[in-house]
2 protein chains.
Amino acid sequence: MVRQPSINAQNRAPLSIERITEAALQIVDGQGLGRLTMRRLGDALEVEAMAIYHHLPRGKEQLLDGLVAHVAAAPADTGAADAASWRGVLRSWAGDYRGRLLAHAGVLPLVVTRRNPAALTATVTSLREVMRQGGVREEPAAVAAHTLLGYVIGHAALEVRGTAEDGADRAVDWDARFTVGLDLVLTGAG
Amino acid sequence: MVRQPSINAQNRAPLSIERITEAALQIVDGQGLGRLTMRRLGDALEVEAMAIYHHLPRGKEQLLDGLVAHVAAAPADTGAADAASWRGVLRSWAGDYRGRLLAHAGVLPLVVTRRNPAALTATVTSLREVMRQGGVREEPAAVAAHTLLGYVIGHAALEVRGTAEDGADRAVDWDARFTVGLDLVLTGAG
DNA sequence: ACCTGAACACCGTTCAAGT
DNA sequence: ACCTGAACACCGTTCAAGT
């Protein structure tokens, strides 16, 4: 019986940071952050856990940094903004960004940790740029960018936790609530 | 030589949930969330780690839930609000709440996790009540309560990460930025 | 009732070794 | 260059035992 090349290590798709990060995100989304271990990640990639360290020398820290970058680094479309439309651009960006955060709720605690401080920079910068192109002055734009991003992240955190109302336990319409609060923030901006 | 009662287990202050939670918070604030282990917590309390389980049957989960409750359950003063002052009450609450979150930045990731969904309920309720007493109608008050809490938590998260500006690396005046953004949110509310 | 000690299954990571 | 296997120090938690 000849060697079976299909089960030979040489024939597998080689490991890469992209494949590792994707597999990790799938574990986090499907089973929760607490179940993301190097050994389980290795299993998912059909590789010994220790092989991962060859691609991520800083180990699990680097892996988690990558997850934060993958989820939280999503800039707004700075090309489409002018004086008439910049609020609309930010509104649609905010909707998309909220969607990302909710789709990967397991990484939200990581976004809030000190790790990977560079990950949000591109996002904040793009928000300021959209406003600048809309004619908003530098300083108000910088404030509003942080206010907006802070609101979106904070609101997503509340949604994930599903903060109950007190009185009745009627369900909260999070979509509507997010939109109204967003308008409230955008109205003040600029 | 007689027995030394001072090093006898009988003479130590007995363990309690309060003492355990305080010691845990001190470890998190001083060394970070990652270094909070049951064994280290036991050391800090001069007890074997396993003794903790007698007071917290649900183990570390329950311990972390307690930390979230201790930090994030801080309602606004509902007694002091009327039609003229409710914005001021919320403004000062927000400042205090931000202070709490920054003082215990290590627990912020826990606040954002699914754990302990009840912890923020009292806080949200108090915000709605302040507005209700200020004459704001039910539905706008509910929206504004979530917007405000979302903003404060989200902004604190950005501060802790220290999101850098792009252009220059001039330092951000976080105090001023928080206050201005807060006014922006409160202006829209009601 | 309250705490201890030993034990179990599982982590992240290092390092020498294989191909 | 890329991956493996064994090993180390450290987790959370259980359980029987002590007082």
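The sequence lines fix the lettering, A, B, ..., with proteins before strands; numbering per chain opens at 1.
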Quiz item: Checking B/Arg87 side chain against B/Leu186 main chain: does a donor-acceptor pair fall under 3.5 Å?
Solution: yes
Self-check item: Beyond-backbone contact of B/Leu63 with B/Leu36, side-chain heavy atoms, under 4.5 angstrom
Solution: yes
Quiz item: Closest approach of A/Arg19 and A/Pro14, non-hydrogen atoms and distance?
Solution: NH1-O, 3.1 Å
Exercise. Measure the distance from CG on B/Leu56 to C1' on D/dT13 and round it to the nearest whole Å.
Key: 13 Å
Quiz prompt | Exam field: side chain B/Arg161 to backbone A/Thr113, donor-acceptor pair closer than 3.5 Å | solution = yes
Quiz prompt | Contacting residues from residues 21-35 of chain B, given that a heavy atom lies under 4.0 angstrom of DNA chain C | solution = none
Quiz item: Counting only Watson-Crick or G-U wobble pairs whose two distances fall under 3.5 Å, which nucleotide matches D/dT4?
Solution: C/dA16
Quiz item: Crowded around B/Arg58 CZ? As in, over 12 foreign heavy atoms under 6.0 Å?
Solution: yes
Quiz prompt | N/O (side chain, A/His55) to phosphate O (OP1/OP2, D/dA1) under 4.0 Å | solution = no
Quiz item: How are the rings of A/Phe178 and A/Tyr151 set relative to one another: parallel (under 30°), tilted (30 to 60°) or perpendicular (over 60°)?
Solution: parallel
Quiz prompt | Heavy-atom side-chain proximity of A/His155 to A/Leu182 below 4.5 angstrom | solution = no
Practice problem: Check the distance between D/dT14's P and B/His54's NE2 and give it to me in whole angstrom. | Solution: 14 Å
Quiz item: For the pair made of CE in A/Met38 and C1' in D/dC3, what is the distance, rounded to whole Å?
Solution: 14 Å
Self-check item: Per-nucleotide protein contact string for nucleotides 5-10 of chain C, where B marks a base within reach and S marks sugar-phosphate only (heavy atoms under 4.0 Å, - for neither)
Solution: BBB---
Exercise. For the residue pair B/Glu22 and B/Gln26, confirm or rule out a side-chain donor-acceptor distance under 3.5 Å.
Key: no
Quiz item: Roughly, in whole Å, what's the span from CG in B/Asp43 to P in C/dT4?
Solution: 11 Å
Quiz item: So does A/His70 have more than 12 non-hydrogen atoms from other groups sitting under 6.0 Å from NE2?
Solution: no
Quiz item: Once you round it to whole Å, what is the distance between P of D/dT13 and CD of B/Gln62?
Solution: 11 Å
Quiz item: Roughly, in whole Å, what's the span from CD in B/Glu61 to P in D/dT13?
Solution: 7 Å
Practice problem: Report the distance from atom CD1 of B/Ile52 to atom C1' of C/dC2, rounded to the nearest whole Å. | Solution: 13 Å
Quiz item: Given atom OH of B/Tyr53 and atom C1' of D/dA16, what is their separation to the nearest angstrom?
Solution: 17 Å
Self-check item: Any-strand Watson-Crick or G-U partner of C/dA9, both distances under 3.5 Å
Solution: none
